[in-house]
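Data block below; observations after.
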Amino acid sequence: MPLRFYNTLTQRVEPFAPLEGDTVRMYTCGPTVWNFAHIGNLRTFTFVDLLRRWLRYRGYRLDHVMNITDVDDRIIQQALGAGQSLADYTAQYTQAFLEDCATLRLERPERLTPATEHIGAMARLIAGLRDKGCTYESEGSIYYRIAAFPEYGKLSHTDFGGMRAGARVDTDRYEKADARDFALWKAPKPGEPFWESEIGPGRPGWHIECSAMAMQYLGETLDIHAGGIDLIFPHHENEIAQSEGLTGKTFARFWLHAEHLILDSQTMSKSLGNFITLRDLLQEGYQPEAIRYLLASVPYRKRLNFTADSPKAAATAVERLRNFELRLKTEKFPDGADEGLHAAAGQALQRFEDAMDDDLNTAEALAAVFEFVREANIAMDAGGFRAGNVAPALDLLERFDSIFGVLRPGRLEVRVGDALHLSDGDVQALIAERTQARKGRDFARADQIRQQLAAQGVILEDTKDGARWKRH
Ligand code: AMP
Ligand code: ZN
C-alpha cells in the first residue's frame, strides 16, 4: 500500500505524492509567540516533525515553511500590558519556542517566517483581492466578503449559506456561530502598532499572513498544509478563501490536522488556564526523549489524553528500547543466526513501515518494534539469540529512531538540572561508584548510574576485567 494521508478537505484517506517531482511543498502554521508553548501546542509540532521525517524516509525532499505569528490581537494586548514593544515582547517567546523545539528534536523547517517581516506581501495580496471585488472597507479596516467566495465552508464542511451579508467580525479567533466577513487589514488604533502600506496604514489580520507567506515561498498550490484541529475553522477556511479568491487555483491539495492534547477532559489551552509546558515537565526530572515519545506515540488524529502517569510510562518505554540497544551492542552472542529471529526482524520493519505509510499510525508502528524487542529479549535470555541476529535488529532500531528520535540523548545542554557534559573523569568516577554499589549489592543504585551514563551517551560493557566504556 502506498503512503497515504487523511485529507480534511475530502474527508478521505488518499494516496499521497507531490505535484511536481520529488519535492513536497508544505506549509504548517507556527506558534503565536505571546507566551510559552504548552505541550498541546508541542504535540501538534511533534506531529509535523514526524510528518517531515516520514516524507524524507520515503525519499521525498522538503520545502517546508512555518510562520511565526508575531503580531495578532493577543500579542498586542500582552505587549501593551507588559509595557514592551511588540518586537521585544515576541523575541523572548520566539526564542523559547525554538529552544523547546530543539529540546524535543523537532527539525527546523526549511524556512521560518515571522509575520512582521512580510507585511508588504500581505498588503499586496489584499490589494489583489480588492481588485477582484472580494473585499470592502469600513472605517479604515478591510474585510473579506465571504459571499464573494461561494465555496466558503468547504474545508470545515459547513454550510454558511444563511449568513447575514455585510455582518463583520473583527477578532482573529472566533467560532463557527460567529462566521462573518472577516478582517484582512485592521485600521490603526491609538497605542497599537501599525504599518504604512500600499493599502494604507494599519496591521494585518491573523489569517492573511499564512496565505501571503505560503504563496510567496511555495507558489499558488501547496502539496500539504497542516496544523492543529482548531485551525480548520476559521483560520484555514479563511486562508482558502483568501488564496483561492485571488488565484482561482486549489490552495492546498492535502489538509492534515492534528487532534488535541487533552488534560482533565478539556483541551489544553492557555485561555482555559489548564496548561503544562515542556519546561514544567523537565523540571520534574523527565527527559526530553520521554516527552517526545509521549507526544509521538498516539496517532495524530486521535486525542492524546495526558495524565500524571503519561510521562512515566513514556520514560519506561524509552528505557526499554535503550536497554535493548545496549544489550545488542555489548553482549556476546553465539555465532550463527537464528532463522526465526531473522524473519521476525524483517517482518517488524515491514509492519513498522506499513503503519507509518497508513496516515502515520505511530501506535501500530511502535507495537511492531516492541513485539520484536520482547521476542528478541526472551531469545537472548534463553541463549537463542545469535551474533548474526544483531545487525538486522540494530537496523530496525536505527530506522525506528530516524523517525522517533528517542534512543540517543541530544541537546543535553538545555536539560534542566543536567551537567553540560560528563568529562572522562566524571564518567570514571561514576563507574567506580557503580562498581562499589554492585559489590555492596545495591543494584538499584548501580542501575541508576548505568542509566545516567546511557542518558549521556556513555555505553558500559561489563567484562571479566571490570567495566569498559565508550561514548556513542
Ligand atoms: P497557537 O500558538 O495558538 O497559534 O497554536 C500553535 C499550534 O498548536 C496550532 O497548530 C494549534 O492548532 C495547536 N494547538 C493548540 N492547542 C492544542 C492542543 N490542546 N493540542 C494540540 N494542539 C494544539
Ligand atoms: Zn496559519
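Positions are given from 1, in the same order as the sequence printed here. In listed order, ligands and their atoms are each counted from 1.
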Assess His236: does it contribute an N, O or S atom lying under 2.8 Å from the Zn ion (ligand 2)?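 For His236, the answer is no, given that no N, O or S atom comes within less than 2.8 Å of the Zn ion (ligand 2).
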Just checking: His235, one of its N/O/S atoms, less than 2.8 Å away from the Zn ion (ligand 2), yes or no?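 For His235, the answer is yes, given that an N, O or S atom comes within less than 2.8 Å of the Zn ion (ligand 2).
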Establish, yes or no, whether a centroid distance under 6.0 Å links the rings of Phe97 and Phe45.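 Distance test on ring centres: under 6.0 Å, yes.
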Under a 3.5 Å cutoff, is there a donor and acceptor pairing between the side chains of [X] and [Y]?
X      : Y      : result
Ser211 : Ser243 : yes
Arg173 : Ser271 : no
Glu220 : Thr247 : no
Thr307 : Ser310 : yes

Is the contact between [X] and ligand 1 made by the side chain, the backbone, both, or neither, using heavy atoms and a 4.0 Å cut-off?
X      : result
His38  : side chain
Arg74  : side chain
Arg173 : side chain

Of Asp72, Asp70, Asp170, Asp73, the residue whose pairing with Arg203 passes salt bridge (charged side-chain N to carboxylate O under 4.0 Å, His left out):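 Result: among Asp72, Asp70, Asp170, Asp73, Asp73 is the only option passing the salt bridge (charged side-chain N to carboxylate O under 4.0 Å, His left out) with Arg203.
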Is the closest basic N to carboxylate O distance between Glu289 and Arg105 below 4.0 Å?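 So Glu289 pairs with Arg105 through a salt bridge.
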Could you walk me through whether Asp63 and Arg25 pass the salt bridge (Lys or Arg N to Asp or Glu O under 4.0 Å) test, one step at a time? CA-CA 5 Å; Asp63 192 357; Arg25 282 168 304 125; over 6 Å; no
Protein contact to [atom] [nearest heavy atom, distance to 0.1 Å]:
atom                    : value
atom 1 (P) of ligand 1  : Thr32 OG1, 3.6 Å
atom 11 (C) of ligand 1 : Asp230 OD1, 3.4 Å
atom 20 (N) of ligand 1 : Leu261 N, 2.8 Å

Should [X] be counted as touching ligand 1, given the test is an N or O pair under 3.5 Å?
X      : answer
Trp206 : no
Met268 : yes
Leu231 : no
Arg43  : no
Pro31  : no
Asn41  : yes
Gly40  : yes

Sub-4.0 Å atoms of ligand 1 with respect to non-hydrogen atoms of Thr44: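 Those qualifying, in numeric order: 10 (O), 13 (C), 21 (C), 22 (N), 23 (C).
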Distance filter under 4.0 Å to Gly30 heavy atoms, resulting ligand 1 atoms: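 Taking each heavy atom of Gly30 in turn, ligand 1 has 4 (O) under 4.0 Å.
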Once rounded to the nearest 0.5 Å, what's the spacing between atom CE of Met122 and atom NE2 of His207?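 With rounding to 0.5 Å, CE (Met122) is 12.5 Å from NE2 (His207).
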Over-ring placement of Arg180 relative to Tyr174, 6.0 Å and 45° cut-offs: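 Because its charged atom misses either the 6.0 Å distance or the 45° angle limit, Arg180 does not stack over Tyr174.
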Checking side chain to side chain donor-acceptor pair (under 3.5 Å) for the pair Arg399/Tyr57: CA distance, chi angles, key distance, verdict? CA-CA 9 Å; Arg399 286 166 185 268; Tyr57 187 100; 3.1 Å; yes
